[in-house]
K.L.:
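A single structure is presented below for examination.
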Amino acid sequence: MHSKVVIIGSGPAGLTAALYAARANLEPLVIRGLQPGGLIATTSEVENYPGFVDGIGGFELAENMEKQAQRFGAQFKDALVQSIDAAQQPFVLTTDGGEQITADTIIVSTGASPRKLGVPGEEKLANRGVSYCATCDGFFFRGKKVVVVGGGNSALDEGLFLTRYVDELYIVHRRDQLRADPILQERAFSNEKVRFIWDSTVEEIQGEEKVTGVTIKNLKTGEAQELPLDGVFPYIGHVPNTSLFQGLLELDESGYIVTDNRQRTNIAGIFAAGDVVDHVYRQAITAAGEGCRAAMEATWYLAEHEHAMKKAAEGETITPALGQW
Ligand code: NAP
């Protein structure tokens, strides 16, 4: 199987890249990856994506983006990329199913995953009371008591979503000031189901078959308290999904892919966009913008490449060397 543009990942960056590449008649192939639709598809309500006056569900937004790209000829595949051979053109990608796909260009939009607390009990009780997706699992906590960890937009947004179901919600934050936008802070402070536990971290999650409680430590006093409850929702940021690219693409000290201001990585023909690159803005709209830029760059790269190949076939010396522009 060969594609002029293979897009790895299907969040707003990948889906926007697919739309633009499809409209450039490049018939891109999107490899959906572990989380079809990306993190936005696990978000309850998106109120800051322009064009939706009353907001839109995250899943619906991602689904619409995919349908829009499909309308112009983008192809989709449910698979994970396990290795990339970029030593020659075309690049060779091998999927978890053992399939080999060749690509003239690659757009990496593998996003980022929720950061784990890294405390005892978290791994054992994952999906048994520990959840990283309030939208997916909130319903199972009807009438229950849960804790959200973190003080950013995700913690407050998803915490507020959980108050539709739960009776009591604690937000444990390591400082006494929130990072979240003022509008979300106001909503959380005025919600009678929400209680804040400041300057504190979750040290342990208890339970055998399911979560039964947590140990919370006050970082200022050193005091620990046990809190009986039913669910733990960590929202303490993200780590970029770049393990596949170690040793291949240039990564920064936090593991994000380094690009220039045209979404180009250190390998000509490989572009990157969205949360896998951006640890500053990390919005659906900025990811979509980067996806657009990456697809336009890939389109221009292919056009130049084609021209150079033609000239080379006619016996002309190519400057710069193939694969180096
Ligand atoms: P974030 O903004 O990086 O916030 C992470 C939070 O977790 C911070 O409050 C941080 O504390 C805390 N934290 C980090 N590591 C921790 C640890 N090891 N233990 C305990 N607490 C820890 O991440 P996010 O909330 O997931 O947001 C990511 C991006 O998505 C942001 O740009 C955000 O604006 C965006 N977003 C936007 C919306 C919206 O606009 N409605 C919704 C969701 C997300 P400190 O504050 O002390 O650093």
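We're numbering straight along the sequence, starting at 1. All ligand and atom numbering here is 1-based and tracks the order in the structure.
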K.L.:
Using 4.0 Å as the upper bound for N to carboxylate O, is an ion pair formed by Glu223 and Lys217?
P.N.:
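Looking at Glu223 together with Lys217, the answer is no, because their closest N to O distance does not fall below 4.0 Å.
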K.L.:
So, are Glu99 and Lys77 salt-bridged, with charged N and O less than 4.0 Å apart?
P.N.:
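A salt bridge links Glu99 with Lys77.
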K.L.:
Begin with the C-alpha distance, continue with both residues' side-chain angles, and end with the deciding distance and a verdict on ring-ring contact (aromatic ring centres under 6.0 Å, His included) for Phe189 and Phe196.
P.N.:
CA-CA 9 Å; Phe189 290 140; Phe196 284 90; 5.1 Å; yes
K.L.:
State if His173 counts as touching ligand 1 under the rule of any non-hydrogen atom under 4.0 Å.
P.N.:
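Right, His173 reaches ligand 1.
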K.L.:
What do you reckon, does Arg174 have a nitrogen or oxygen under 3.5 Å from a nitrogen or oxygen of ligand 1?
P.N.:
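Between Arg174 and ligand 1 (N or O atoms, distance only) the closest approach is under 3.5 Å.
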K.L.:
Measure the distance from atom 46 (O) of ligand 1 to every protein heavy atom, then report the residue, atom name and distance (to 0.1 Å) of the closest one.
P.N.:
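Minimum-distance protein heavy atom for atom 46 (O) of ligand 1 reads Arg175 NH2, 2.8 Å.
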K.L.:
So which protein heavy atom does atom 32 (O) of ligand 1 come closest to, and at what separation?
P.N.:
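Going by distance alone, atom 32 (O) of ligand 1 is nearest to Tyr281 O, 3.2 Å.
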K.L.:
Would you say Glu47 contacts ligand 1, with heavy atoms under 4.0 Å as the rule?
P.N.:
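The answer is no, since Glu47 has no heavy atom less than 4.0 Å from ligand 1.
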K.L.:
Check this for me: does any side-chain nitrogen of one of Lys220 and Asp199 sit under 4.0 Å from a carboxylate oxygen of the other?
P.N.:
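A salt bridge is present here (some side-chain N lies under 4.0 Å from a carboxylate O).
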K.L.:
Looking at the rings of Phe233 and Phe141, which for Trp means the six-membered one, are their centres under 6.0 Å apart?
P.N.:
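For Phe233 and Phe141, the ring centres are under 6.0 Å apart.
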K.L.:
List every atom of ligand 1 that sits less than 4.0 Å from any heavy atom of Tyr235, numbering the atoms from 1 in the order shown and giving each element.
P.N.:
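Ligand 1 atoms under the 4.0 Å threshold to Tyr235: 6 (C), 7 (O).
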K.L.:
Which residue holds the protein heavy atom closest to atom 40 (O) of ligand 1, what is that atom called, and what is the gap in Å?
P.N.:
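Among all protein heavy atoms, the one nearest atom 40 (O) of ligand 1 is Asn48 ND2, 2.7 Å.
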K.L.:
Could you walk me through whether Arg187 and Glu47 pass the salt bridge (Lys or Arg N to Asp or Glu O under 4.0 Å) test, one step at a time?
P.N.:
CA-CA 14 Å; Arg187 286 183 201 167; Glu47 290 183 337; 3.4 Å; yes
K.L.:
Please report which non-hydrogen protein atom sits nearest to atom 48 (O) of ligand 1, along with the residue it belongs to and the distance in Å to one decimal place.
P.N.:
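For atom 48 (O) of ligand 1, the nearest protein heavy atom comes out as Arg179 NH2, 2.6 Å.
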K.L.:
For atom 3 (O) of ligand 1, grab the closest protein heavy atom and report residue, atom and distance to one decimal in Å.
P.N.:
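The closest heavy atom on the protein side is Gly237 CA, 4.2 Å.
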K.L.:
Does only the side chain of Asn153 get under 4.0 Å from ligand 1, or the backbone, or both, or neither? Count heavy atoms.
P.N.:
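It is both backbone and side chain that touch ligand 1.
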K.L.:
May I ask you to list the atoms of ligand 1 that are less than 4.0 angstrom from any heavy atom of His238?
P.N.:
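Near His238, the atoms of ligand 1 are 26 (O).
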K.L.:
Hey, looking at atom 9 (O) of ligand 1, which of Ser200, Ala112, Gly151 has the closest heavy atom?
P.N.:
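Looking at heavy atoms only, Gly151 sits closest to atom 9 (O) of ligand 1.
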K.L.:
In terms of residue, atom name and distance, what is the protein heavy atom nearest to atom 30 (O) of ligand 1?
P.N.:
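Here the closest protein heavy atom is Arg282 O, 3.5 Å.
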K.L.:
Counting non-hydrogen protein atoms only, what is the nearest one to atom 44 (C) of ligand 1? Give residue, atom name and distance.
P.N.:
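Atom 44 (C) of ligand 1 sits closest to the protein heavy atom Ser154 OG, 3.3 Å.
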K.L.:
Does one side chain, of Asn241 or Thr110, offer a donor that lies under 3.5 Å from an acceptor on the other?
P.N.:
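Per modelled atom types, Asn241 and Thr110 side chains form no pair under 3.5 Å.
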K.L.:
Report the nearest protein non-hydrogen atom to atom 35 (C) of ligand 1: residue, atom name, distance rounded to 0.1 Å.
P.N.:
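Of every protein heavy atom, Gln283 NE2, 3.3 Å lies nearest to atom 35 (C) of ligand 1.
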K.L.:
Would you mind checking if Arg264 and Asp260 are paired as a salt bridge, meaning a charged N to carboxylate O distance below 4.0 Å?
P.N.:
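Arg264 and Asp260: salt-bridged.
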K.L.:
Measure from atom 14 (C) of ligand 1 to every heavy atom in Val202, Ile236, Asp157, Leu178 and give the option owning the shortest one.
P.N.:
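Looking at heavy atoms only, Ile236 sits closest to atom 14 (C) of ligand 1.
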K.L.:
Are Val258 and Asn266 side-chain neighbours, meaning at least one heavy-atom pair lies under 4.5 Å?
P.N.:
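They are not in side-chain contact.
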K.L.:
Of Ile8, Ile7, Leu15, Asp78, which is the lone residue that meets side-chain contact (heavy atoms from CB on, under 4.5 Å) with Arg32?
P.N.:
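Of Ile8, Ile7, Leu15, Asp78, side-chain contact (heavy atoms from CB on, under 4.5 Å) with Arg32 is met by Asp78 alone.
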